[in-house]
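Structure first, commentary second.
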Amino acid sequence: MRVLFMCTANSCRSILSEALFNHLAPKGFEAVSAGSFPKGQVLPRSLTTLQHAGISIEGLSSKGNEAFEGNPPDIVITVCDKAAGEACPLYFGPALKSHWGLEDPSDVVGDESAIDAAFRATLARIELRCRAFFALPFTTLGHDELKRELDRIGAL
């Protein structure tokens, strides 16, 4: 199952989600990320937050959703409110769509410890949601039931 995490800039929340999802993913699951208006580079603090958590940053890059035109995802999860309101490209086809909104830790103003705490809190929330995702009984869930479960997880 291929999951696409989307955000506007693809430099922070969607990158953190992609990396943590893949860190926890059992065989057969893969996450990628994209932005509707990609920044073109990953925020350095996103990368250091992942490294401090022991999560690989190999292969992470800021890219647009056109990168997946030839290999569409099964599920599209938006993680920022701006991206949630955007239409998904037609080539995403029948992908299930859900919104797992996250506040942007890069918007936090304060000293280094406050900013680091915001990034760690965001990563912890992503972990909670990913663990709930992997606990789902995928073999018994129909399309509509999976959509409801994805939306429920997004409220965690």
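Numbering of residues begins at 1 and proceeds along the displayed sequence.
Once rounded to the nearest 0.5 Å, the distance linking CE of Met6 with OG of Ser14 reads 8.5 Å. Atoms CZ and OG, from Phe119 and Ser106 in turn, are 5.5 Å apart once rounded to the nearest 0.5 Å. With rounding to the nearest 0.5 Å, the separation of CD in Gln51 from CD1 in Ile57 is 3.5 Å. To the nearest 0.5 Å, atoms CD1 (Ile153) and CG (Leu128) are separated by 9.0 Å.
Side-chain atoms of Val3 and Asp74, non-hydrogen and from C-beta on, never get closer than 4.5 Å to each other. Residues His143 and Leu96 are in side-chain contact: their nearest non-hydrogen atoms beyond the backbone lie under 4.5 Å apart. Side-chain contact between Leu43 and Arg13 is absent, with no heavy atoms from C-beta onward closer than 4.5 Å. Put simply, the side chain of Ile15 does not reach to within 4.5 Å of the side chain of Ser11, judged on heavy atoms. Counting heavy atoms from C-beta outward, Met1 and Phe133 have side chains that approach closer than 4.5 Å.
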> Asn10 and Lys39: side-chain contact (heavy atoms from CB on, under 4.5 Å), yes or no, with the steps?
Replying inline: CA-CA 7 Å; Asn10 189 221; Lys39 190 173 252 183; over 6 Å; no

> Given the rule in the side-chain contact (heavy atoms from CB on, under 4.5 Å) test, do Leu123 and Leu50 qualify, once you have shown the distances and angles that lead to the verdict?
Replying inline: CA-CA 8 Å; Leu123 195 63; Leu50 290 166; 3.9 Å; yes

> Between Leu47 and His52, is a side-chain contact (heavy atoms from CB on, under 4.5 Å) present by the stated rule, with each step listed?
Replying inline: CA-CA 9 Å; Leu47 299 175; His52 288 153; over 6 Å; no

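Between the side chain of Trp100 and the backbone N or O of Leu150 there is at least one donor-acceptor pair closer than 3.5 Å. Remark: the backbone N or O of Gly40 is paired with a side-chain donor or acceptor of Ser62 at under 3.5 angstrom. Ser46 contributes no side-chain N or O that, together with a main-chain N or O of Val42, makes up a donor-acceptor pair within less than 3.5 Å. Lys97 contributes no side-chain N or O that, together with a main-chain N or O of Ile77, makes up a donor-acceptor pair within less than 3.5 Å. Formation of a donor-acceptor pair under 3.5 Å by the Ser36 side chain with backbone atoms of Ala9 is not found in this model. One N or O on the side chain of Lys63 and one on the backbone of Ser33 form a donor-acceptor pair closer than 3.5 Å. Side-chain atoms of Arg129 come within 3.5 Å of backbone N or O of Leu156 as a donor-acceptor pair. A distance-only check finds a donor-acceptor pair linking the side chain of Ser56 to the backbone of Glu58 [under 3.5 Å]. Between the side chain of Arg120 and the backbone N or O of Thr49, no donor-acceptor pair lies under 3.5 Å.
We find that Arg148 and Asp144 are not joined by a salt bridge, their nearest charged nitrogen and carboxylate oxygen being 4.0 Å or further apart. Ionic pairing of Arg45 and Glu112 is present here: one or more N-O contacts between side-chain nitrogen and carboxylate oxygen are shorter than 4.0 angstrom.
Shortest non-hydrogen contact noted between Val108 and Ala114 is CG1-O, 4.1 Å. Across all their heavy atoms, Val79 and Cys7 have their closest contact at CG2-CB, 3.9 Å.
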For residues 19-31, run the donor-acceptor check on the side chains, cut-off 3.5 Å, and write out each pair with its distance to 0.1 Å, sequence neighbours left out.
from  : atom 1 : to    : atom 2 : distance (Å)
Asn22 : OD1    : Ala31 : N      : 2.7
Asn22 : ND2    : Glu18 : O      : 3.3
Asn22 : ND2    : Ala31 : O      : 2.9
Glu30 : OE1    : Arg2  : NE     : 3.2

